Amino acid sequence: MTATTARTLTGLSSTTADGVGASPRRPDGTLKATGEFAYSSDLWMEDMLWGATLRSPHPHARILGIDITGALKVPGVEAVLTHEDVPGAKRYGLEYRDQPVLAYGKVRYKGEPVAVVAADHPETARRAMERIRVDYEVLEPVGDARRAAHDPHCPLVHDEGGLPVREDYRQSGNRVRHQPIRTGGFTGAAGDTDRERRVLEELREQADAVVAAEYEVGMQDQAFLGPESGMAVPAEDGGVDLYIATQWLHVDQRQIAPALGLPEDKVRLTLAGVGGAFGAREDLSMQIHACMLALHTGKPVKFVYNREESFHGHVHRHPALMRFEHGARADGTLLYATLEIIVDGGAYASATPAVVGVASSLGIGPYEVPNVLVDAYGVYTTNPPCGAMRGFGAVQACFGYESQMDRLAEKLGLDPVELRIRNAMAQGSRIITGQEVDAPLPMAEMLRRARALPMPSERLERADPRTLPGGVSGTTRGEGVVRGVGYGVGLKNLCFSEGFDDYSTARVRLEAVAGEPVALVHTAAAEVGQGLVTVKGQIVRTELGVETVVVHPADTRVGSAGSSSASRQSYMTGGAVRQACAAVRAAVFALARGRGAVPEGTADADLSLTGGNLVSASAGVLAALADLLADGTVVEETREFHHRPTEMLDPTRGQGASHVQFGMCVHRAVVDVDTELGLVRVVALDAVQDVGRVLHPQQLAGQIQGGSTQGLGLALMEEIQVRDGEIVNPSFTDYLIPTILDTPPMRIDVLERPDPHAPYGLRGAGEPPTLSSTPAVVAAVRDATGRALARVPVRPEDILGIER
Amino acid sequence: MEFLSPSTLEEALQARSAHPGGVPIAGGTDVMVELNFDRHRPEALIDLSRVPELAEYGPDGGYTRLGATVPYTAIVEHLAGRAPALARAARAVASPQIRNRGTVGGNLASASPAGDAHPPLLATGAVVEVASAAGRRRVPVREFYTSLRTTALRQDELVTAVLLPEPKGPQQFAKIGTRNAMVISVAAFSLALDAERRTVGTGLGSVAPTPVRAERAEEFLAAELDWEGATAPTEAVVRRFGELVAAAASPIDDQRGSAAYRRHALAVMARRALAWSVTDYRKGAT
């Protein structure tokens, strides 16, 4: 039902078929569509054991004792392991090692792994788990994120002195990170609460309009379909081979090896079929457990979480509490903005510090504001752990600042798009951290384009019920249905930020096979569905002029590629592949010169590899690659690609060039709301996005459609509901994600304003649509209903004003 | 766990009486979820999908007889005329894959208050046919649901069919879900007018421990409707009908919605269903 209008792309013609700018088919596309693709949950070995995880039934409790003797007596059980059996480091973590491999001392969230079992059958493993006795002393849960951030009497999730303290994150109590940002008049007052208040009061005096409001974002789940799964196979050298669905093989390796007490080269990882990620596979789940059991039993061990377990087995998007205040002149020019944002990281840090870094630095959005005061907090609670998810801290803030823009426009009697244009950033602007936007950012133009997109047709008198709010449930034939329109803009950092050197490595090999030149590209980059597998081949074809490119499975036999997150793989691994290709090309030129195939005086700049040949711009074809390599010569080069360095934000004023690149998407949503039942159907969700340069138009459209839909889900239905530390809807029966009948046609208008710093001028594209679609949809619902709607997801009760 | 695969109804009933702890399975859309999540380990599964008699449907006296294992897809495709409200409900069940497997017999036997088939069966006064090795009996569906997930079905009985009365007037079904397809109901409502007997039937789902009727609303509307001239009821009558329907509910707050919303939504659905029915009735009457 999705009608996509991809712009005709010019200047991207490739001399090699299926090169950069074309839309070659994914190698895994047909297999996935027909159900034949082998996911990590399909791994199988004859003698393998099944792993299972005993989890804490309490969100917060002291462990008084664990008795495994009953479980060990179950026939077919080969191992039952607890924290005492962890061979090496007992804690791990992405950035901050605070998470126990298996709980000891305390459990800090419901579902935390306490023991693992390996048995000949999953049923046997389950029966064994029932026989593990754990004595708990239940403790008071720490459930209120605001209290965790500000109340010095709040119980601590992690005992004082238990973990190292990061001063630059202003860690204290349950605060994992506190990042202030102060600009303009607040700069001099930074840290002095009284002076800051006086500055704020003065600014309020000067403002013609002030809007202040609280907003809340519920806990969204990545809702990947392939549950956590993988297989660990013990090796003869005492190491282990792990086949795993993950987002970053090397960061897994770096966390697994110390826990196993093994050097990294004894822990070898190969990417297994990934059934979606969206950030949820950045953290470890069963990796160390499977390896421990495999090494303990000497047999392969497979884990597959079931759906309910999966909801406890990965981190979610941080829920956020936000307090915004904006002041503006009568003409809409922003004068100041303040923000307190508290994100609930749950029991363990995971990516919380980095999420705070994004939520603070992008907290006010892509707007020119001369005076800014931001305090962003990430806290520990005993709620489910939260970490990376598409949009990463920017999604939460975007819902807040875009809602504020609409409120302000209403208060000033201005058109919401005009207000945004008046305050829009552009190339040369500085975000609130003082960092200059030094690449194109055509925000005002994008807003105008979004506004100019054709509107969907009016609702028909006798409309197909599937096109009405309530859909196939048949709740309306048009009664109570009101249409609304809303806009949203979001600014997202792309690639890792704050001093992180998330380089990528690529190995490219060129040789002749059966008389044809064939290239092999080998990286450790995780294909999680985003399409890098196709892009790598396209880059090699374009750069080396060969048609046959073999993409080697991703594993740790080549250097790190960094994470498949932060919209960064086309940039980083794409950049690495391109660099390795350039090195291969140079080596081929040297080889050809050595064999006298290149006329004297021909510069390298005059040479290229095109259509399977070595070509001189002046003299034409010099040699066929297949002939040059016919003697079995193999040209192989490995290169690391680094983005430009970034800085940490300073811990008092939050200044620093912390980001690599910025991405932006603008959305216009049109909705029909059943105003008597509080049900919504999104009629259109149109997007304008600048991607710098399109590498694969079809996959780009998929990214924008998918990101927009994920944002729609957050706007209207997706929430992990937590009561007293417990997830009450850990299933796809009750955790709702949009179906095709909830997903409207999307017009997609793609701009290509190249980023001079990036390979091919590209700009990461996966995340920006996830930011802006949520506020656009909510704004449209507000337009239809007149309700304030300060919380997402918007529930029917919110639309009707019924207490919940 | 034993897996029994009877090929006749007689064998199935014998299996049922021989395995009191066994669980009948047809489409498996409920039972398999329970098994997969380790919530239930019955001593035996009795597979009814190979019993031809249970998979049939057709006229039976003044009724349409719907075999217990006929999937929702068949109801949508073939019974929209003979059981309009049930067909609408069947269309609103889950996804195409589930509709290909799920059955009204399963809905009745598991008796979840959220089952989509219950409200139309209640509204239309359907009759459940059950059988054991000792014989068959008929239970009006309005007496079938006894308490939360409990029914008049005895330990040794199977649901064999539902008898659907011939429609004698407009029928409606609507349910609330917070997405536009594939959603478990937050509240559901069905209305059936019987122009011959001048009675009104209702059925409410997901708003009480069992599927329920709104009997006071039925009596009120039966008395107020202009059965002769089919004029539109007054605003006050429509509103009162909605209130009486909502009053029949005893909903809870849960992860799918609040009790207050469920009551509110019932009243709205009831008012709309009434308006649609009167319009349809007028068309049919003229």
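Because the structure is predicted, anything quoted here is derived from the model rather than measured. Labels below follow one simple rule: chain letters A, B, ... track the order of the sequence lines, proteins then strands, and each chain is numbered from 1.
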Residue [X] versus chain B: region with a heavy atom under 4.5 Å:
{"X": "A:P122", "value": "neither"}
{"X": "A:E130", "value": "side chain"}
{"X": "A:L677", "value": "both"}

May I ask you to decide whether A:E308 forms a salt bridge with B:R39, counting only side-chain N to carboxylate O separations under 4.0 Å?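 Result for this pair is yes, salt bridge flagged.
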Decide, yes or no, whether a salt bridge links B:D38 with A:R126 under the criterion of side-chain N to carboxylate O below 4.0 Å.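 Answer for the salt bridge query: yes.
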Working to the nearest 0.5 angstrom, can you tell me the gap between B:I184 CD1 and A:S731 OG?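 So the CD1 of B:I184 and the OG of A:S731 are separated by 8.5 Å.
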Heavy-atom contact with chain A under 4.5 Å, split by part of B:D254: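 Answer is backbone: N, CA, C or O of B:D254 sit under 4.5 Å from chain A.
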Region of B:V183 that comes under 4.5 Å of a non-hydrogen atom in chain A: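 Interface part for B:V183: side chain.
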Show the nearest heavy-atom pair for residues A:G474 and B:A174, with the distance to one decimal.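 Result for this residue pair: O-CB, 3.4 Å.
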Between the main-chain N or O of A:E676 and the side-chain N or O of B:H264, is there a donor-acceptor pair closer than 3.5 Å?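 Yes; at least one donor-acceptor contact below 3.5 Å.
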Which one, B:G257, B:A94, B:A275, leads in non-hydrogen pairs under 4.5 Å with chain A?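 Most pairs with chain A among the choices: B:G257.
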Would you mind telling me which of B:F189, B:F37, B:W276 has the largest number of heavy-atom pairs within less than 4.5 Å of chain A?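 Looking at each of B:F189, B:F37, B:W276 in turn, B:W276 comes out on top.
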Please check if the number of heavy atoms outside A:D724 that lie under 6.0 Å from its CG is greater than 12.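 Not buried by this count: 12 neighbours or fewer within 6.0 Å.
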Does any part of the side chain of [Y], heavy atoms only, come nearer than 4.5 Å to the side chain of [X], both counted from C-beta?
{"X": "B:N180", "Y": "A:V472", "answer": "no"}
{"X": "B:R272", "Y": "A:T476", "answer": "yes"}
{"X": "B:T178", "Y": "A:L736", "answer": "yes"}
{"X": "A:T733", "Y": "B:R256", "answer": "yes"}
{"X": "B:S258", "Y": "A:I802", "answer": "yes"}
{"X": "B:M182", "Y": "A:I740", "answer": "no"}
{"X": "A:R127", "Y": "B:R41", "answer": "yes"}

So which of [options] has the biggest tally of heavy-atom pairs under 4.5 Å with chain B?
{"options": "A:R477, A:E803, A:E719", "result": "A:R477"}
{"options": "A:R466, A:E309, A:Q721, A:R307", "result": "A:Q721"}
{"options": "A:L468, A:L716, A:N306", "result": "A:N306"}

For B:R179 and A:L741, what are the C-alpha separation, side-chain angles and deciding distance, and is it a side chain to side chain contact (heavy atoms under 4.5 Å, CB included)? CA-CA 8 Å; B:R179 73 178 166 196; A:L741 288 184; over 6 Å; no
If you apply the rule side chain to side chain donor-acceptor pair (under 3.5 Å), what do you find for B:Q255 with A:D734, and how did you get there? CA-CA 7 Å; B:Q255 72 275 17; A:D734 284 319; 2.9 Å; yes
Using the rule given for side chain to side chain contact (heavy atoms under 4.5 Å, CB included), can you reason through A:R795 versus B:Y261, listing the C-alpha separation, both sets of side-chain angles and the distance that settles it, and then say yes or no? CA-CA 10 Å; A:R795 299 161 296 199; B:Y261 175 67; over 6 Å; no
From CA spacing to verdict: side chain to side chain contact (heavy atoms under 4.5 Å, CB included), A:T475, B:K175: CA-CA 6 Å; A:T475 44; B:K175 81 172 184 187; 5.8 Å; no
